[in-house]
Amino acid sequence: MSLLFVDLQRYFNSTYEQTSWILSIQFISITFACLGTSVADRIGARKTVMIFGCMAMLGTFISTFATSIYFLYVSVGLITGIGFAGSYSPHPVQLARYFPRRFPLAWSVTKLGPGISLLILTSVVKICLSEYGWRGTFMITSAIIGNICVCGAVLRPLPKQRIGKDTDQEQNDTTYSVVSGTEDVPQSSNERTHCAYSLCRGYLYTCRNPRYLALLLSEFTLGMAYTAALIHLIPRANDAQIVTSQEEALLLPITGIASIIGRFGSGVLVHLKLLSAVPAYIASVFIIGTACFIPQLGDTFTGFVILSVLLGLGSGACFTLDIVCAREIVGPELVSFSFPLVFSLFGVGAVIGPPAAGRIFDVCQNYNEVYFCLGAMALFSGIIHIPGQLIVWCRIKRTKRTEEL
């Protein structure tokens, strides 16, 4: 959408704020991530991903026939957004069950996908824009999105025996995990009522953890900061008038390459226990905030390259470790509830960030002020984790002293 931003703005003669709402509405649809896990509990992860994948493909395809900016709000914003959210949320739950002991490494490898797609699809979208315009680009993109259904088809349900055997601890009365990864569907009304009650109870129980609440707040503010920084990266370069169209097309692939390095590198370091998940997450958030706070990065093409690299490294590590942090904080038995809430809060923040950044630019006509605000929000996302992490470190030291005595 960042590459389509300028074309859509010019075609519909809209403001920065109005155009930013397209992707913001798509991100607010991420709040339906909880719906994806609930549907997966009823019909299985495989069918869920395929159904929502078709929905995302349909929303992108009908965007080809858009007649106004408001049409895109519904098509690529709402319909495609819900499709992405519903098809994405069952994946980490299934992965946690496939690899209960090597989840950080497995998740980091899986998260290489967004970085690779940002690297490859940027060139594809740029070519499509020059050859077929934004309408043809939406049509071709819808065909690419259809591959979500293919990916969903390979989500093989695990036998119940294997689930009980491989998990780190057996389920008991205090375990509220509902999404089992099997294809069993409750039939009676009593079972459906019990399932709904278990879902509500599980979400409430998960939110009792103060460190998890800090993670949710962090994801909310980070969603505002990072999404706006990435979406307005190309418009900022275009506004500076120091970057050619060919150089603009290089910024997102550079971000993608850096994101790949950040995703895989952070996962390996956490898996090898060279770094703990939460401190690494805090450091990655600080990288994003620091990059937004350097106004000189928007003065030259080299500066934009450095900004792209820092955004890629920070976001790659951050969006790999947020799920690992959630699992570390609440425990593996509550992953079915911790993951969707993280996605949902990030989606809510992503809704507010881009339009707010566009509004600030419309008023100030200067992107430095915009990125100062985004950097402040990103730094706040990391700072709120520090008290909880200090408490954890103090407890660890106290435990070691007690054992030595």
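Nothing here was measured: the structure is a model prediction, and the numbers come from that model.
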Just do the side chain to side chain contact (heavy atoms under 4.5 Å, CB included) check on Asn366 and Val370 with the steps written out, would you? CA-CA 7 Å; Asn366 191 326; Val370 175; over 6 Å; no

Let me see the working for Ile360 and Tyr367 under side chain to side chain contact (heavy atoms under 4.5 Å, CB included), right down to the final yes or no. CA-CA 8 Å; Ile360 296 173; Tyr367 265 114; over 6 Å; no

Stepwise, does the side chain to side chain contact (heavy atoms under 4.5 Å, CB included) test hold for Phe138 with Phe61? CA-CA 6 Å; Phe138 272 127; Phe61 178 76; over 6 Å; no

So Phe84 and Ile145, side chain to side chain contact (heavy atoms under 4.5 Å, CB included) or not? Walk me through it. CA-CA 9 Å; Phe84 282 155; Ile145 293 175; 3.7 Å; yes

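Between atom CD1 of residue Ile231 and atom CZ of residue Arg236 there is a gap of 15.0 Å, rounded to the nearest 0.5 Å. Note that OG1 of Thr255 is 10.0 Å distant from CG of Leu310, once rounded to the nearest 0.5 Å. One finds the SG atom of Cys292 at 5.5 Å from the CG atom of Leu374 (value rounded to the nearest 0.5 Å). Rounding to the nearest 0.5 Å gives a distance of 13.0 Å between OH of Tyr281 and CD of Gln389. Note that the OG1 atom of Thr19 and the CG atom of Leu8 stand 7.0 Å from one another [nearest 0.5 Å]. In this structure, CZ in Phe304 is found 13.5 Å from CG in Leu250, a value given to the nearest 0.5 Å.
Under a 3.5 Å cut-off, the side chain of Ser308 and the backbone N or O of Ile254 do not form any donor-acceptor pair. Side-chain atoms of Ser276 never come within 3.5 Å of backbone atoms of Pro279 as a donor-acceptor pair (strictly under, hydrogens ignored). In this structure a side-chain-to-backbone donor-acceptor pair under 3.5 Å is present from Ser130 to Ile127. For Asp7 (side chain) and Leu4 (main-chain N/O), no donor-acceptor pair under 3.5 Å exists by modelled atom type. Checking side-chain atoms of Ser87 against main-chain N and O of Gly53 turns up no donor-acceptor pair under 3.5 Å. Of the possible polar contacts, none joining the Ser142 side chain to the Leu58 backbone as a donor-acceptor pair under 3.5 Å is found.
Two residues are said to be in side-chain contact when any heavy atoms from C-beta on lie closer than 4.5 Å; Phe346 and Phe220 fail this criterion. Counting heavy atoms from C-beta outward, Met57 and Ile148 have side chains that stay 4.5 Å or more apart. At a threshold of 4.5 Å between non-hydrogen side-chain atoms, the residues Ile391 and Arg211 do not count as touching. Contact of the Ile82 side chain with the Phe52 side chain is registered, since non-hydrogen atoms from C-beta on lie closer than 4.5 Å.
Shown here is Tyr212, whose OH atom has more than 12 heavy atoms of other residues, nucleotides or ligands within 6.0 Å. The environment of Arg135 atom CZ is dense: over 12 non-hydrogen atoms of other residues, nucleotides or ligands sit within 6.0 angstrom. At most 12 heavy atoms of other shown residues, nucleotides or ligands fall within 6.0 angstrom of atom CZ in Arg359.
Across all non-hydrogen atoms, the minimal contact from Leu72 to Ala66 is CD2-CB, 3.5 Å. Across all their heavy atoms, Phe319 and Arg263 have their closest contact at CB-NH1, 4.3 Å. Here the closest non-hydrogen pair linking Ser218 and Ile384 is N-CD1, 3.4 Å. Here the closest heavy-atom approach between residue Phe301 and residue Leu251 is recorded as CE1-CD2, 4.1 Å. Looking at every heavy atom in both residues, Leu155 comes nearest to Ala45 through CD1-O, 4.1 Å. Looking at every heavy atom in both residues, Thr290 comes nearest to Ile294 through O-CG1, 3.2 Å.
Phe361 and His232 have their aromatic ring centers separated by at least 6.0 angstrom.
In this structure, a donor-acceptor pair under 3.5 Å is absent between the side chains of Thr141 and Thr60.
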